[in-house]
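These notes concern the structure reproduced below.
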Amino acid sequence: MVIIRIALSVPVDILFDYQAEDASSHDIGLRACVPFGKKKLTGIIMAIGTETQVPIEKLKSVYCIFREINPLPPALLDLFQFCSQYYHHPLGMVIMNSLPVLLRNNKPVKLKDSAQHPLRLTDSGRRIDITTIPARNRVARRLLTEFQNATILTAQQIKQISPRTSKLLIEWKRLGWVTEKPTIETSPSKTTPIPTLTADQANAVTTVTAELERFNTWLLHGVTGSGKTEIYLRLIESALSHDKQTLVLIPEINLTPQLEAVFRARFRTVLLINLHSGLNDTQRLTGWLQAQRGEAKIILGTRLAVFTPLSRLGLIIVDEEHDSSFKQQDGLRYSARDLAIFRARKTNIPVVLGSATPSLESYFNAINGRYRYIRLASRAMQSARLPSIQYIDTRIHKSQAGLSEPLLKALEKCLANKYQSLIFINRRGYAPVLLCKSCTWSALCQRCSSRLVVHLRDKKLCCHHCGHEENFPRACPQCGNQDIAPFGQGTQRVEETLRAHFPAARILRIDRDSTRRKNAWKEILHAIHTHQVDILIGTQLLAKGHDFPNLSLVGILNADTSLYSTDFRASERLFAQLMQVSGRAGRANVAGHVLIQTEFPDHPLYHALQQHDYDTLAQALLTERKIAGFPPYVYQALLRAEAHSIKIVLNFLKQAAHLAEPTQAIELYDPVPAQLLRLKGMERAYLLIQSTSRKQLQTFLAEWYRQINTLPTRQVRWVLDVDPIEF
DNA sequence: AGCACGCCGACT
DNA sequence: GTCGGCGTGCTC
């Protein structure tokens, strides 16, 4: 009897056995549709054998095995297995949640042949003169133009040009203008000039390229503007020359288009796909299949892309590796960066972690020699120097609505010189608090233990944690006094103040509220680049990765709040963020100045920032962490739990703690309520476990996880968070 | 996660 | 007497 073992998306960490007479060992990694209770589910075949522990009468037969697409490769199944074990999350859920939605259905995928393959313009196609096509044949002209621009077009791209192209393409295929054959041509485009490398860059490229055939974790540490992207491009080129795929992981969606454009411009003749959250189900599946078949040579994507099957993977790049969005913060709490390293090791290929401000974990590994460390000391463009950073002591310089006199003066001067400036304040809305002046009342969220943020623009109070909105009250609900007022500054208020102060200036606010609209980002970037804006006001959305060539002045408000935070990672994050924002100034042809308003101008973090001295600060922070016994000197895990009442949560955590059998190597702390106690109507708490040995921590967690699963979990939702980065 | 089974309160 | 509340436990 042939037994197949299937991983299903159910929250129990076991495989389910089924009878399947027609299965063979080639079917491992394929999808199978099976009866499950009263339901029908589709899962992945993990093993095939002739034996089972399940009583024969319980054993059911598979409905069918889907063979229309290739099985998931063993290396990817290894990654899932590791992920499931390391993060203590059921294997079936790990696998099924990583797959495109269309592969989770109880249906075979059906894609039209034309939809499956990208088309490449052949040399004879390239020689076609557009004017030989009648002008009224607009679709044909558009399509040919697009092909001659891009050489390769995916099915989606073609569909976007016009939905009625299939007849045309059949004809063109017959004529030999286009072909489905993926090319292995790697010569970069002749039209985009390729910059010469600095000595630093050249050295980095040579060093990594020399070891392209084996696993290494490279930390590529270079200040903003030191030209990391160019290094990525060269490495990808090397990978391409061996006909290998490159997986490029990037933090979040906003900077994708920019990076994508750079990559496409350089590699016009290879298929590049972008796997981001904005895709619909069909687009995602199409890209996924192209990656699996090895047709897509460059796979650009956010954290989920780390699970893409890649038959010819030769290189992984994790850009902005310090970015916390590589860690998923709900459900399966995985770190895409760490999984990328695991994947590279298993595939025996290099993984390059790039950052201007590496995470302390990576830096620690680099100086210890666990990672290979590559340092880019200089900015690539000689004209672009590092910005000068100065502090405005807000104890001396009083401010009006959060803006100090020296900063306003600097803005004025910048305006007069027709340069752009940027005010960075990481707080959207008008004001963070609504206060009653006669009693102590302030507007609170009903579902979270947080204050409601004033959004004067739409006359609403908003909770930035749960999204709750309510109308602006006319009077204090507690004492009836009408004297209620916004307190503190947010982007909207800064915008208002600056508009009043510089009525002639063109001011643009950039935060989640102003970029929510579709295409808003595109329009904003266009406005900035064509110099239709004088002053930008923005949150951290602005900090990431964009080049603003005319930007000369950066003003930073309200940075102090993270200086003395209870979160031991706050300084690290603040520094990275301020480095990033500062780096916006003075990129191309303009000298950059950064003015930071602070009450603590002598703080070591600010000193380090002023000197552009990552190392001194990193060393200091590492010393602190060593003394305090924090990561990277210890490994941590959290048991997180939530319920309607904190009593239930704490009680559950206490029970869980009671079950634990810690060894000497494991430290188990008392349960503590979360910083933000209530979130979306749930009260939360966690329990910290730590150890100096990752291995022992894992052994402990595995056993403990099994034990916790036996607890009655009435109304409690819980997860293990391994290597947590938020508390 | 679903979904059924099961054992106690308020209804035609 | 039953309808239905959601606590408990199983799914190959």
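Values in this document were obtained by computation on a predicted structure and should not be read as measured data. Just so it is clear: chains get the letters A, B, ... in the order the sequence lines come, proteins before strands, and each one is counted from 1.
A donor-acceptor contact closer than 3.5 angstrom is absent between the side chains of A:Asn426 and A:Thr539. If you check the side chains of A:Gln696 and A:Ser691, you find no donor sitting under 3.5 Å from an acceptor. No side-chain donor from either of A:Glu295 and A:Gln290 sits under 3.5 Å from a side-chain acceptor of the other.
Checked against A:His89 for a side chain to side chain contact (heavy atoms under 4.5 Å, CB included), the options A:Val722, A:Leu720, A:Leu332 give a single hit: A:Leu332.
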query = Going through the checks in order, is the side-chain hydrogen bond (donor to acceptor under 3.5 Å, both in side chains) test met by A:Asp17 and A:Thr52?
reply = CA-CA 7 Å; A:Asp17 296 2; A:Thr52 174; 2.6 Å; yes

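Taking the six-membered ring where the residue is Trp, A:His455 and A:His464 present perpendicular rings, their angle passing 60° and hence far from 30°. Taking the six-membered ring for Trp and thresholds of 30 and 60 degrees, A:Tyr87 and A:Tyr334 have ring planes more than 60 degrees apart, a perpendicular arrangement. Classified by interplanar angle (parallel below 30°, tilted 30° to 60°, perpendicular above 60°), the ring pair A:Phe16/A:Phe36 is perpendicular.
For the pair A:Ile14 CD1 and B:dA1 P, the interatomic distance rounds to 15 Å; values are reported in whole Å.
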Find every protein N or O atom lying less than 3.5 Å from an N or O atom of nucleotides 2-6 of chain B, and list the pairs.
none

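At a threshold of 4.0 angstrom between heavy atoms, the contacts of A:Val12 include nucleobase atoms, whether or not backbone atoms are also involved. A:Pro35 comes within contact range of the sugar-phosphate backbone alone, with a heavy-atom separation under 4.0 Å but no base atom that close.
Along DNA chain C, the stretch of nucleotides lying under 4.0 Å from any heavy atom of chain A spans, 5' to 3', C:dT8 to C:dC12.
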